[in-house]
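Step one of this worksheet: look at the structure below.
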Amino acid sequence: MDKNKHKIGTKVIHAGQSPEPITGAVMPPIFTTSTYVQPSPGQHTGFEYTRAQNPTRFALERMVAGLEGSGLSAEQDETNGGFAFASGLAAMATVLELFEAGSRVLAMDDLYGGSGRLFSKVRAHSQALDVVRADLSDADALRANMTADTKLVWVETPTNPMMKIADLGVIAKICKEINPGVVLACDNTFASPINQRPFEYGFDISMHSTTKYLNGHSDAIGGVLITNDAELAQQLRFLQMAVGSVMSPFDAYLVLRGIKTLDVRMARHNETGLKIAGWLETHEQVEKVIYPGLTSYPQHALAKQQMSGFTGMVSFTIKGGLDAAKAMLETVRLFALAESLGGVESLIEHPAIMTHASVPAEMREQLGITDGLIRLSCGIEDADDLIADLDQALAVGARAGVDSGAAAKA
Ligand SMILES: *Cc1c(COP(=O)(O)O)cnc(C)c1O
């Protein structure tokens, strides 16, 4: 039985999993060991040292490889091209180790703040990476910036927090035409493998911050890389071991446990996200709702073609600017005012002040990350309760917005 041929609702339970060989345990035990005994020097079971091999981490790595559809066999790569790291950024940083100093990288303009920071504040000087940022959701901008010596294209779709959709198929086609050897990587954190699988469009690497939807319970930081290319898998296996920012066995267990409910959680996130976005659109205190699942969304047709659901991430601008936004964020009761996303509990945040404060002001303005912009991560609570909470907080925000408007005029 090839467990990787199943539908994704079955894969989240079974992909890459087998009972523990000694006891038959259904879930892999947490192998909290740093090292493994050898009967004779160099003679071992395939497990020598946990930075290189750990059965609990391997179980998670095989799982995420199955979810993304890497297609790599155990002969091609021990964990089918899946690799787990201590954080999403550690995973991303390990991808960057694939390239020589001074390499040219083309990256999406709208990125997770920390990803942009890793490029511009760290690797631009420590590795002299020449990172060019452009709106890769625009084919003309892509063509204008893609060159034959570009080694890596780094895409995030939908983007955070503006929900821009990059057409993965178009990007793969154009970039591989210009440089067949380019590595195409997609940060798939926002979509989750339930809603979008980059390999289906010709990408080489999919990356996730497992901190978000994959783990889904806001209790562990982690990241994964998956590749469908046997050669890249070999390089990443070496780098994971040689650089060493690996995920701990305990965190691997937590993420694997979280993934078992990923399909049912995402169904609820998708449903609630759409319901709340639709409701916000009718609210008089709301200026604009940004949610790819809405028919009013400019890239709705593309989103529908590339994604099977649109997640619980909803951005909107409140009328009345910063004062209204602050008052609303201080007033929510069910939504927690916090960074991060993708957990079972609903979160709300202010990108300009919180998650995207590291983005230069000029770039924030260009992207539309304004003072009135609010981002929701809709959890899996009852949607009506969430709407009631937003409704009472929007009312308070409206009064604050009016007061500050009047004060400005006086
Ligand atoms: C959170 C996040 C990251 C970084 O992951 P960490 O686990 O926090 O290191 C990268 N990309 C996206 C889209 C994210 O949301």
Side-chain angles (χ1 to χ4, degrees), residues 57 60 64 68 83-96 105 107-123 131 133 136-137 152-166 168 185-196 198 203 205-226 240 243 245-248 251-252 254-255 258-259 266 269 273 290 292 307 310-315 338-343 347-351 354-359 367 369 375-379:
R57 196 181 81 223
L60 170 67
V64 294
E68 287 283 359
F83 302 92
F85 299 86
S87 70
L89 285 179
M92 179 180 175
T94 305
V95 171
L96 302 183
V105 175
M108 189 85 179
D109 55 353
D110 193 15
L111 285 184
Y112 172 71
S115 305
R117 184 176 54 206
L118 178 59
F119 279 133
S120 66
K121 295 265 160 69
V122 183
R123 296 309 184 97
V131 183
R133 303 278 294 273
L136 304 184
S137 69
L152 168 70
V153 174
W154 187 272
V155 176
E156 201 178 303
T157 181
T159 63
N160 173 13
M162 299 310 290
M163 314 291 169
K164 269 203 264 188
I165 309 287
L168 296 175
C186 178
D187 181 338
N188 206 27
T189 300
F190 254 50
S192 90
I194 303 296
N195 289 324
Q196 173 177 283
F203 270 61
I205 293 175
S206 180
M207 170 256 171
H208 290 268
S209 164
T210 61
T211 313
K212 318 296 169 53
Y213 281 120
L214 287 186
N215 181 48
H217 293 74
S218 309
D219 53 7
I221 298 279
V224 289
L225 298 174
I226 304 101
Q240 184 192 37
V243 178
S245 55
V246 292
M247 186 183 282
S248 79
D251 286 348
L254 283 176
V255 179
I259 286 175
M266 290 316 297
H269 286 299
I290 308 168
M307 304 173 72
F310 310 100
T311 83
M313 300 306 298
V314 180
S315 291
E339 298 193 4
S340 197
L341 61 108
L347 304 179
I348 191 167
E349 67 110 8
H350 191 271
M354 297 168 67
T355 48
H356 290 67
S358 66
V359 178
L367 293 168
I369 305 176
R375 190 189 78 181
L376 304 177
S377 171
C378 302

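For ligands, and for the atoms within them, numbers begin at 1 and follow the listed sequence.
- Backbone and side-chain nitrogen or oxygen atoms of F190 are examined, and none is located within less than 3.5 angstrom of a nitrogen or oxygen of ligand 1.
- Not a single N or O atom of M207, backbone or side chain, sits closer than 3.5 Å to an N or O atom of ligand 1.
- Side-chain atoms of Q196 come within 3.5 Å of backbone atoms of T157 as a donor-acceptor pair (strictly under, hydrogens ignored).
- Which parts of ligand 1 touch S87 is read off a 4.0 Å heavy-atom cut-off, strictly below it: atoms 7 (O), 9 (O).
- The side-chain hydrogen bond (donor to acceptor under 3.5 Å, both in side chains) check on T159 picks up D110, with sequence neighbours excluded.
- Under 4.0 Å from ligand 1, the heavy atoms of K212 that appear belong solely to its side chain.
- Listed by chain and residue number, nothing satisfies the side-chain hydrogen bond (donor to acceptor under 3.5 Å, both in side chains) test with S377 (two or more places apart in sequence, or in another chain).
- Formation of a donor-acceptor pair under 3.5 Å by the H356 side chain with backbone atoms of Y112 is not found in this model.
- Considering both main-chain and side-chain atoms, E156 never comes within under 3.5 Å of ligand 1 through any nitrogen or oxygen pair.
- Residue contact check: G222 has heavy atoms under 4.0 Å from atoms 7 (O) of ligand 1.
- Of all atoms in ligand 1, listed by their number and element, those nearer than 4.0 Å to a heavy atom of T211 are 7 (O).
- Between the R123 side chain and the A93 main chain, a donor and an acceptor come within less than 3.5 Å of each other.
- Numbered from 1 in the order shown, with element, the atoms of ligand 1 that lie under 4.0 Å from a heavy atom of D187 read 10 (C), 11 (N), 12 (C), 13 (C).
- Counting heavy atoms under 4.0 Å from ligand 1, residue T189 touches it through the side chain alone.
- Taking a cutoff of 4.0 Å between a charged side-chain nitrogen and a carboxylate oxygen, D251 and R57 do not qualify as a salt bridge.
- For atom 6 (P) of ligand 1, the nearest non-hydrogen atom of the protein is G88 N, 3.4 Å.
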